K.L.:
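Let me give you the structure first, and then I'll get to my questions.
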2 protein chains.
Amino acid sequence: MVSKQIAMTTIELKEAGLKATLPRLKILEILESSTDAQRHMSAEEVYDLLRGQDDKIGLATIYRVLTQFEAAGLVTRHNFEGGHAVFELNQGEHHDHILCVKCGRVEEFVDETIEQRQQNIAKEHGYTITDHSLTIYGICGECQAGKV
Amino acid sequence: MVSKQIAMTTIELKEAGLKATLPRLKILEILESSTDAQRHMSAEEVYDLLRGQDDKIGLATIYRVLTQFEAAGLVTRHNFEGGHAVFELNQGEHHDHILCVKCGRVEEFVDETIEQRQQNIAKEHGYTITDHSLTIYGICGECQAGKV
DNA sequence: AGGGTAATGAGAATCTTTTGCATTTGCCTA
DNA sequence: TAGGCAAATGCAAAAGATTCTCATTACCCT
Ligand SMILES: [Mn+2]
Ligand SMILES: [Mn+2]
Ligand SMILES: [Zn+2]
Ligand SMILES: [Zn+2]
């Protein structure tokens, strides 16, 4: 089933207009196999996950590929607080984030009311929206409980 | 009236629990005298504005002071796209931003509906909100007109 | 005015991301 | 299926933003 996985990702890359190279396939697999808890990964984290494998991929390539994936619409880049960007595979619908400033947990949500209001606000100001970013920072229930 | 200005900012600093040093006074003045078009400034921009004056202030100090101002609640730091943080003096109420990806223009808005929804979302997820950041990116009316 | 302490300046260091260039690889064609 | 070429990669150097170190200076209090 690994070969099938690779076959599938190969097709995804071709469809995105990208040559199906080994580094790109591996990075895409990492993103696709990530669990909910780590859907949002920095370039360095992707690099570390791939480092163990036989042929490791250079960090520069990780950055290059992730940027290409973003341009191709395969992934989204987020500039949360903390200096480094994080990436996530685009699957399902657009969503925004709420994250815990204590433990770093990231949760996703969709709110039609907010989406709608944003459209109105842009229109009121004469803007054509190209993108938007909404992140709520707070302390999650678990971190509130464990009073460390 | 310059002396009065300085006197006022001195009080502000004292109230914020910060020693009234010359660098801090000058940086605060820069922020207070900024026009709408440049309310949101990077550390480097503040540095450049102060560079001209007789006794210029080191960039490291600008960063230190802006961070202290942030901690004291005097300014807010924004991580818009583009690699570097921008700061703005806290005056009036909380607001969010809509900015033009072509010309860099930044406009502010307040939307009670969105603020309210954010509170609800945080509650639904069991979070205590500490902060939030909403930025709409788009193309302003002027940039849409001038088809460059 | 004098002294103790916190703040500053300058440059080095750090951290993240990008770039240059020689080498390798995927892909298309004969 | 082999050959060749443009695109992609790895590595190291560079760049850009921010922080840190440490010697020197400036506030503030008495
Ligand atoms: Mn997400
Ligand atoms: Mn603002
Ligand atoms: Zn938490
Ligand atoms: Zn514009």
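Order of the sequence lines sets the chain letters (A, B, ...), proteins ahead of strands, with each chain counted from 1. Owing to the predicted nature of the structure, the values given are computational and were not obtained by experimental measurement.
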K.L.:
Could you tell me the separation between the CD atom of B/Q68 and the C1' atom of C/dT8, rounded to a whole number of Å?
P.N.:
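After rounding, the reported distance stands at 11 Å.
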K.L.:
How many Å lie between CG on B/L22 and C1' on C/dT8, as a whole number?
P.N.:
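After rounding, the gap between these two atoms is 11 Å.
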K.L.:
Rounded to whole Å, please give me the gap between NE2 in A/H84 and C1' in C/dC15.
P.N.:
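Atom NE2 in A/H84 sits about 11 Å away from atom C1' in C/dC15.
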K.L.:
Under 4.0 Å from OP1 or OP2 of C/dT16: is there any side-chain N or O of A/S42 that close?
P.N.:
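Result: no.
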K.L.:
Could you check how far CG of A/L59 sits from P of C/dT16, rounded to whole Å?
P.N.:
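Atom-to-atom, A/L59 to C/dT16, this comes out as 10 Å.
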K.L.:
So where does chain B start and stop touching DNA chain D, 5' to 3', when the test is distance under 4.0 Å to a non-hydrogen atom?
P.N.:
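Nucleotide range with atoms under 4.0 Å of chain B: D/dA17 to D/dC28.
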K.L.:
Atom CD1 of B/I57 and atom P of C/dG9: how far apart are they, to the nearest Å?
P.N.:
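So the CD1-P distance, B/I57 to C/dG9, works out to 6 Å.
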K.L.:
Nearest nucleotide by nearest heavy atom, which residue falls closer to the 5' end of DNA chain C, A/R64 or B/R64?
P.N.:
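Looking at DNA chain C, the more 5' nearest nucleotide goes with B/R64.
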K.L.:
Considering only side-chain heavy atoms of A/K19, which listed nucleotide, C/dC27, C/dT5, C/dT18, is closest?
P.N.:
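Looking only at heavy atoms from C-beta outward on A/K19, the closest nucleotide is C/dC27.
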K.L.:
What nucleic acid atoms does B/A20 come within less than 4.0 Å of, heavy atoms only: base, sugar-phosphate, or nothing?
P.N.:
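Sugar-phosphate contact only.
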K.L.:
For the pair made of CD1 in B/I62 and C1' in C/dA7, what is the distance, rounded to whole Å?
P.N.:
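My rounded result for the distance is 14 Å.
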K.L.:
Nearest-Å distance, CG (A/L13) to P (C/dT25)?
P.N.:
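It is 18 Å, rounded to the nearest whole Å.
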K.L.:
Tell me which nucleotide among C/dA10, C/dG26, C/dT8 gets nearest to the side chain of B/V65.
P.N.:
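Side chain of B/V65 sits closest to C/dT8.
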K.L.:
Within this structure, what is the OH-to-P distance between B/Y63 and C/dT8, rounded to whole angstrom?
P.N.:
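In whole Å, C/dT8 P and B/Y63 OH are 16 Å from each other.
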K.L.:
May I ask you to evaluate whether B/T61 reaches the phosphate of C/dG9, defined as a side-chain N or O under 4.0 Å from OP1 or OP2?
P.N.:
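Answer yes for this pair, as a side-chain N or O of B/T61 is under 4.0 Å from OP1 or OP2.
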